[in-house]
Amino acid sequence: MENLNNATSVYSLNSLHVYLHDGGLDFNDALGVQQAHIDWNKSAKIQKDFWEKKGILPSQVSHIHVHICHQHFLLIPQKYDSPIYRIGFLEKALGEDTLVGQEIQVQKIPSEAANLLFLIPSEWKDLLSFWFPLAQISYQHILEKLITQSQDNGLSISIHQNHACIVLRKSGILTLANVYPFSKATELAFYIHSIRDSYLIKWNSSSIHWLGEVDANLAEELNTFKIYTPIFSHEA
């Protein structure tokens, strides 16, 4: 892990952006570029050295921006959302066992008059609080950004690690929002085409809008299944 440049280090003393997923924590600089990764199962000594090598003093960090991307979420109209019934809705949608060891976060999406409920493992939250006891920690699900920036017609997709956030709008109406975990391009391509078939989407290079970058190897593999990306966007 290389040390950050001075400009990023100074910024990072006040505010950090981190991405949490099953494999661990990714640390991004002020521009959102990944700088390093640390596994959850590393020892306390390694975890402490991780931040020191980055020139970051936990006592000086005032805010942690946490970005989450996983499939444990529920998008529910605000008129039906209530703290009293929230757990019941989540158990119905995700399964009762899914809530064990998890904490509920709520993110409002005014454009859809909906709330995005998503789960975070308690051990992840506890570890962040242990690392940065003085920092204010805010949590945001990446799906929210995709919903608000999605195209009016067709699919909008963003890739984070081995998860694909996918939003479908038809005539501006939000029709589908999902997080799909995949291990290889074949699985992702099959899922995307199942959406195309189910919703009768006319298939061309404008059918998919990608938010963020797409790995070149993944894009090349998807291209063989006629999944258009900014790298391979020619008509089939």
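Quick note: numbers below take in every heavy atom, side chains included, and nothing from hydrogens, waters or symmetry partners.
- Checked by atom type and distance alone, the side chain of Ser207 pairs as donor or acceptor with a backbone atom of Lys202 at under 3.5 Å.
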### Query
Could you go step by step and tell me if Leu176 and Ile195 meet the side chain to side chain contact (heavy atoms under 4.5 Å, CB included) rule?
CA-CA 9 Å; Leu176 172 71; Ile195 297 174; 3.6 Å; yes
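- Put simply, the residue from Leu146, Ile166, Val167 that forms a side chain to side chain contact (heavy atoms under 4.5 Å, CB included) with Ser158 is Leu146.
- Follow the hydrophobic side-chain contacts under 4.5 Å out from Phe118 and you never reach Leu99; the two are in separate clusters.
- Side-chain contact between Val214 and Pro230 is present, with at least one heavy-atom pair separated by less than 4.5 Å.
- Ile87 CD1: 12 or fewer foreign heavy atoms inside a 6.0 Å radius.
- Looking only at side-chain heavy atoms (C-beta outward), Phe132 and Pro58 come within less than 4.5 Å of each other.
- Ile208 and Leu168 fall within a single hydrophobic cluster, where Ile, Leu, Val, Met, Phe, Trp and Tyr are joined by side-chain heavy atoms under 4.5 Å apart, directly or via other members.
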#### Entry: Audit row: Ile104, Arg86, side chain to side chain contact (heavy atoms under 4.5 Å, CB included) steps and yes/no
CA-CA 9 Å; Ile104 302 171; Arg86 192 168 284 167; 4.2 Å; yes
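- In terms of hydrophobic clustering, with Ile, Leu, Val, Met, Phe, Trp and Tyr side chains grouped at heavy-atom distances under 4.5 Å, Leu188 and Phe190 are assigned to different clusters.
- For the pair Gln140 and Gln107, the tightest heavy-atom approach, listed with the atom from each and the gap, is CG-NE2, 3.0 Å.
- Applying the ring pair (Phe, Tyr, Trp, His ring centres under 6.0 Å) test to His67 and every residue at least two apart in sequence or in another chain returns His17.
- Salt bridge Glu112/Arg169: present, at least one basic N to carboxylate O contact under 4.0 Å.
- Heavy-atom neighbours of Phe225 CZ from other residues, nucleotides or ligands within 6.0 Å: above the threshold of 12.
- The 12-atom threshold is not exceeded at CD of Glu220, counting heavy atoms of other residues, nucleotides or ligands nearer than 6.0 Å.
- Nearest heavy-atom pair, Gly23 versus Asp39, reported as atom, atom and distance to 0.1 Å: O-OD1, 3.4 Å.
- In this structure, Ser150 contributes its side chain and Ile147 its backbone to a donor-acceptor pair below 3.5 Å.
- A tilted orientation is assigned to the rings of Tyr85 and Phe89, their planes being inclined by 30° to 60°.
- Under 3.5 Å, the side chains of Asp26 and Gln161 contain a donor-acceptor pair of N or O atoms.
- To the nearest 0.5 angstrom, Ile173 atom CD1 is 6.5 Å from Thr175 atom OG1.
- For Lys170 (side chain) and Tyr199 (main-chain N/O), a donor-acceptor pair under 3.5 Å exists by modelled atom type.
- Note on ring orientation: taking the six-membered ring where Trp is involved, the planes of Phe50 and Phe27 are perpendicular (angle over 60°, cut-offs 30° and 60°).
- Rounding to the nearest 0.5 Å gives a distance of 5.0 Å between CD1 of Ile109 and CG of Leu75.
- A donor-acceptor pair shorter than 3.5 Å cannot be found between the side chains of His72 and Thr98.
- In this structure, the separation between CD1 on Ile192 and NZ on Lys226 is 15.0 Å, given to the nearest 0.5 Å.
- Within a 6.0 Å sphere centred on CD of Glu187, heavy atoms belonging to other residues, nucleotides or ligands number more than 12.
- For the pair Ser122 (side chain) and Ile120 (backbone), a donor-acceptor distance under 3.5 Å is absent.
- There is no path of hydrophobic side-chain contacts, each under 4.5 Å, that joins Leu119 to Ile68.
- Here the closest non-hydrogen pair linking Ala164 and Ile159 is CB-CD1, 3.6 Å.
- When hydrophobic clusters are built by joining Ile, Leu, Val, Met, Phe, Trp and Tyr residues whose side-chain heavy atoms come closer than 4.5 Å, directly or via intermediates, Leu25 is grouped together with Leu16.
- Formation of a donor-acceptor pair under 3.5 Å by the Asn178 side chain with backbone atoms of Tyr180 is not found in this model.
- The minimum heavy-atom distance between His209 and Gln151, with the atom names listed, is N-NE2, 3.5 Å.
- Annotation for Glu123: atom CD does not count as buried by contact number, only 12 or fewer foreign heavy atoms lying within 6.0 Å.
- One finds the CD1 atom of Ile201 at 10.5 Å from the NE2 atom of His193 (value rounded to the nearest 0.5 Å).
- Residues Leu222 and Ala185 share a closest heavy-atom pair of CD2-O, 3.8 Å.
- Rounding to the nearest 0.5 angstrom, the gap separating the CG atom in Leu218 from the CG atom in Asn162 is 11.0 Å.
- Side-chain contact between Leu117 and Ile76 is present, with heavy atoms from C-beta onward closer than 4.5 Å.
- Remark: the backbone N or O of His70 is paired with a side-chain donor or acceptor of His141 at under 3.5 angstrom.
- The environment of NZ in Lys125 is crowded: more than 12 heavy-atom neighbours from other residues, nucleotides or ligands sit within 6.0 Å.
- When the ring pair (Phe, Tyr, Trp, His ring centres under 6.0 Å) test is applied to Trp210, no partner is found at least two apart in sequence or on another chain.
- Atom CG in Asp81 sits 10.5 Å away from atom CG in Leu116 (nearest 0.5 Å).
- Aromatic ring orientation, Trp203 versus Tyr228: tilted (interplanar angle from 30° to 60°).
- A side-chain donor-acceptor contact under 3.5 Å links His65 and Ser15.
- By the ring pair (Phe, Tyr, Trp, His ring centres under 6.0 Å) test, His160 pairs with no residue at all, sequence neighbours left out.
- Using a 4.5 Å heavy-atom cutoff, the side chains of Tyr191 and Phe182 are not in contact.
- Residues Val106 and Tyr139 are not in side-chain contact: their nearest non-hydrogen atoms beyond the backbone lie 4.5 Å or more apart.
- Under the 3.5 Å distance criterion, the side-chain polar atoms of His21 are left unmatched by any main-chain donor or acceptor of His163.
- Minimum heavy-atom separation, Asn204 to Ser206: OD1-OG, 2.6 Å.
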